[in-house]
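None of the values given here were measured: they were computed from a predicted structure. Counting starts at 1 for both ligands and their atoms, in listed order.
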Amino acid sequence: MRTPDELTSRFRAQGLKVTPQRQAVFRVLHGNPTHPTAETVHQAVMAEMPTVSLRTVYQTLNDLAEMGEISRLEVGTGSGRFDPNVEDPHHHLVCDSCGMVRDLHVEFAGIEVGDHLVSDELPPGFTVSGAELVVRGRCAQCGEFAALAEAEI
Ligand SMILES: [Zn+2]
Ligand SMILES: [Zn+2]
């Protein structure tokens with residue numbers, strides 16, 4: 001993702017309004033590895049600017065996604081997540097319990113699904129343009145909570 005200053009120039013070049021609220025959204029997203037939801041971004045921006053509306057945050061996120069500055073992810077955690085890391089292609093790891101989303105840097109072709117490698121299962125002549133892998137499970141922290149809850153019963 002571009003820096004908040006670069007995004008400000010790009011927005012202006014596209015004829016889009018740049019307000020201090022929008023710039024706060026840029027800052028929250030920049031270098032953010034947590035794949036936040038619109039609501040999480042809204043909360044973070046409100047810490048700086050209590051009057052910013054969720055609608056403004058949504059609109060800014062949509063504009064950024066349309067410009068290709070961030071990507072929108074659907075990883076089954078209930079609400080859409082936003083990923084500022086668009087330069088570096090990657091997959092995702094999701095905790096089904098707390099909704100944590102992390103980047104996963106793996107080679108897709110070599111991944112075994114069931115007993116087969118993805119690369120071996122492609123029909124002849126099929127040209128791959130992209131592939132997204134979501135690995136689901138439970139993070140270490142959620143695993144510990146589950147173990148504690150069981151121990152207390
Ligand atoms: Zn978790
Ligand atoms: Zn990511």
Side-chain angles (χ1 to χ4, degrees), residues 1-11 13-14 16 18 21-49 52 54-114 116-119 121-122 126-153:
M1 183 183 178
R2 281 170 233 265
T3 65
D5 282 348
E6 287 167 343
L7 287 174
T8 300
S9 321
R10 283 214 73 201
F11 264 55
Q14 305 256 326
L16 293 166
V18 183
Q21 285 83 354
R22 294 194 140 208
Q23 286 173 312
V25 173
F26 300 166
R27 283 197 297 277
V28 167
L29 288 170
H30 189 70
N32 186 329
T34 66
H35 306 80
T37 61
E39 288 75 14
T40 316
V41 173
H42 183 223
Q43 273 165 15
V45 174
M46 279 206 300
E48 247 183 89
M49 290 179 191
V52 68
L54 181 57
R55 200 191 133 91
T56 299
V57 170
Y58 264 119
Q59 188 60 55
T60 308
L61 291 169
N62 284 335
D63 287 343
L64 284 167
E66 256 165 52
M67 287 162 69
E69 300 293 339
I70 60 175
S71 59
R72 207 189 316 256
L73 296 179
E74 289 302 335
V75 287
T77 53
S79 24
R81 312 283 289 240
F82 293 90
D83 192 345
N85 182 4
V86 288
E87 296 87 6
D88 172 25
H90 59 274
H91 304 284
H92 292 100
L93 183 79
V94 177
C95 174
D96 284 327
S97 179
C98 67
M100 172 205 78
V101 179
R102 289 274 164 79
D103 287 348
L104 194 63
H105 291 91
V106 290
E107 198 62 56
F108 193 82
I111 286 186
E112 284 180 42
V113 178
H116 304 280
L117 289 175
V118 171
S119 49
E121 287 291 300
L122 297 173
F126 185 87
T127 314
V128 176
S129 60
E132 284 150 46
L133 178 75
V134 177
V135 175
R136 302 182 180 289
R138 193 151 68 174
C139 74
Q141 226 179 4
C142 290
E144 271 172 39
F145 283 137
L148 275 177
E150 269 168 38
E152 277 168 22
I153 293 169

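Under a 3.5 Å cut-off, the side chain of Arg72 and the backbone N or O of Asn62 do not form any donor-acceptor pair. In this structure, the side chain of His42 engages the main chain of Val52 through a donor-acceptor pair within 3.5 Å. Formation of a donor-acceptor pair under 3.5 Å by the Arg81 side chain with backbone atoms of Gly99 is found in this model. Using modelled atom types, no side-chain atom of His90 and backbone atom of Asp103 make a donor-acceptor pair closer than 3.5 Å.
Restricting His92 to its N/O/S atoms, the shortest distance to the Zn ion (ligand 2) is reached by NE2. Restricting Asp83 to its N/O/S atoms, the shortest distance to the Zn ion (ligand 2) is reached by OD2.
Seen from the Zn ion (ligand 2), atom OD1 of Asp103 and atom NE2 of His90 lie 80° apart in angle, a value rounded to 10°. To the nearest 10 degrees, the angle centred on the Zn ion (ligand 1) between SG in Cys98 and SG in Cys142 reads 110°. Expressed to the nearest 10°, the angle at the Zn ion (ligand 1) joining SG in Cys139 with SG in Cys95 is 110°.
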| query | Yes or no on side-chain contact (heavy atoms from CB on, under 4.5 Å) for Leu7 and His30, after CA distance, side-chain angles and deciding distance? | reply | CA-CA 10 Å; Leu7 287 174; His30 189 70; over 6 Å; no
